[in-house]
Amino acid sequence: MTNGSVKRVVVTGAGGGIGAALARRFAADGAKVVVNDLNAEAARTVAGEIGGVAVPGDAAREEDVQRLVDTAFTELGGIDLFCSNAGVLSAGDETTPDEQWQRDFGVNVMSHVYVSRALLPRWLDSGEPKRLLITVSAAGLLTLLGSATYSVTKHAALAYAEWLRATYAHRGLIVQALCPQGVRTDMLTRGNDRGSGAASLLAEGALAPESVADLVAGALDGGRFLILPHPEVEGYYRLRASEPDRWLGGMNKLQRGFESK
């Protein structure tokens with residue numbers, strides 16, 4: 001599957017940020033796009049801009065995801081690429097309330113499970129390769145200081161993407177994990193506004209959402225599992241795997257630096 005063959009696309013969390021940029025990029029490339037977001041007005045606005053179809057809903061509710069997929073098949077006649085992009089970020093540590101853990105796990109992990117439940121019965125062994133793009137974040141490969149829930153749930157999202165790829169690649173499913181570091185979105189802006197040291201650090205090399213979308217579009221010409229808009233993340237990931245004590249020591253040094261400010 002190449003970028004040119006991606007004609008029917010669904011993007012969750014597409015009311016802003018990376019999701020909106022993906023929707024706009026694929027529409028500009030000639031694809032028909034279904035725009036999903038919890039914010040109905042934002043979904044309709046982006047869909048209106050690109051001539052797409054707005055299907056508002058909660059990516060963390062299985063009924064909403066099933067309705068999204070059903071609507072996309074009805075409106076587009078099928079789906080070539082599903083961008084499971086919705087995500088949330090909450091600051092916090094071990095004292096984060098259970099309900100926050102549950103919300104973040106629902107959006108950052110279970111949304112991908114619901115997508116696969118709805119899609120795979122239609123996609124597997126269809127005779128044509130189908131592509132599932134899961135927006136994970138570099139936090140899923142590394143960690144994010146200042147947010148236990150984001151770090152843990154993004155690791156889980158990566159693990160689920162890996163499992164899908166390992167289990168279904170031979171049946172026509174191409175799974176890719178998008179793992180950007182800092183991206184200039186509302187999520188990063190809110191972190192900076194709260195004085196987050198991690199957000200401030202990520203902002204220094206932050207990319208525009210449009211740059212991330214361009215990189216994703218190019219990555220559809222191949223099948224590499226990890227899509228890394230920030231090339232340095234690969235080096236950090238290798239260090240984490242090969243020298244975990246050294247890597248953790250470096251991260252703790254960063255944490256101490258945040259605390260001393």
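Predicted model, so just to flag it, every value in this text is computed and none were measured.
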Run Asp70 and Arg122 through salt bridge (charged side-chain N to carboxylate O under 4.0 Å, His left out) and show every step you take.
CA-CA 11 Å; Asp70 289 344; Arg122 305 191 194 216; 2.5 Å; yes
Before you tell me yes or no, could you show the steps for Phe26 and Leu220 under side chain to side chain contact (heavy atoms under 4.5 Å, CB included), namely the whole-Å CA-CA distance, both residues' side-chain angles and the distance that decides it to 0.1 Å?
CA-CA 11 Å; Phe26 289 124; Leu220 298 185; 3.5 Å; yes
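Atom-to-atom distance recorded for Arg165:CZ and Glu162:CD is 10.5 Å, nearest 0.5 angstrom.
Between the side chains of Gln66 and Glu62, no donor N or O sits under 3.5 Å from an acceptor N or O. In this model, no donor atom of one side chain and acceptor atom of the other lie less than 3.5 Å apart for Thr12 and Asn36. Side-chain atoms of Asp98 and Gln102 include no donor-acceptor pair closer than 3.5 Å.
The backbone N or O of Val113 lies less than 3.5 Å from a partner atom in the side chain of Ser116, making a donor-acceptor pair.
In terms of hydrophobic clustering, with Ile, Leu, Val, Met, Phe, Trp and Tyr side chains grouped at heavy-atom distances under 4.5 Å, Val65 and Leu164 are assigned to a common cluster. The hydrophobic cluster containing Leu141 also contains Met251, counting ILVMFWY residues as joined when their side-chain heavy atoms lie under 4.5 angstrom apart, directly or transitively. Side-chain heavy atoms closer than 4.5 Å link hydrophobic residues (I, L, V, M, F, W, Y) into clusters, and following such links, even through other members, never connects Tyr160 to Val152.
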Donor-acceptor contacts, no H, no angles, side chain residues 103-112, under 3.5 Å, sequence neighbours left out:
residue: Arg103; atom: NH2; partner: Ser90; partner atom: OG; Å: 3.0
residue: Asp104; atom: OD1; partner: Ser90; partner atom: OG; Å: 3.3
residue: Asp104; atom: OD1; partner: Gln100; partner atom: NE2; Å: 3.3
residue: Asp104; atom: OD2; partner: Ser90; partner atom: OG; Å: 2.9
residue: Asp104; atom: OD2; partner: Thr149; partner atom: OG1; Å: 2.8
residue: Asn108; atom: OD1; partner: Val88; partner atom: N; Å: 2.9
residue: Asn108; atom: ND2; partner: Val88; partner atom: O; Å: 3.0
residue: Asn108; atom: ND2; partner: Thr153; partner atom: OG1; Å: 3.0
residue: Ser111; atom: OG; partner: Val107; partner atom: O; Å: 2.5
residue: His112; atom: ND1; partner: Ser84; partner atom: OG; Å: 2.7
residue: His112; atom: NE2; partner: Asn108; partner atom: O; Å: 3.2

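Taking the ring centre of Phe82 as origin, the terminal cationic atom of Arg131 falls outside the region bounded by 6.0 Å and 45° from the ring axis.
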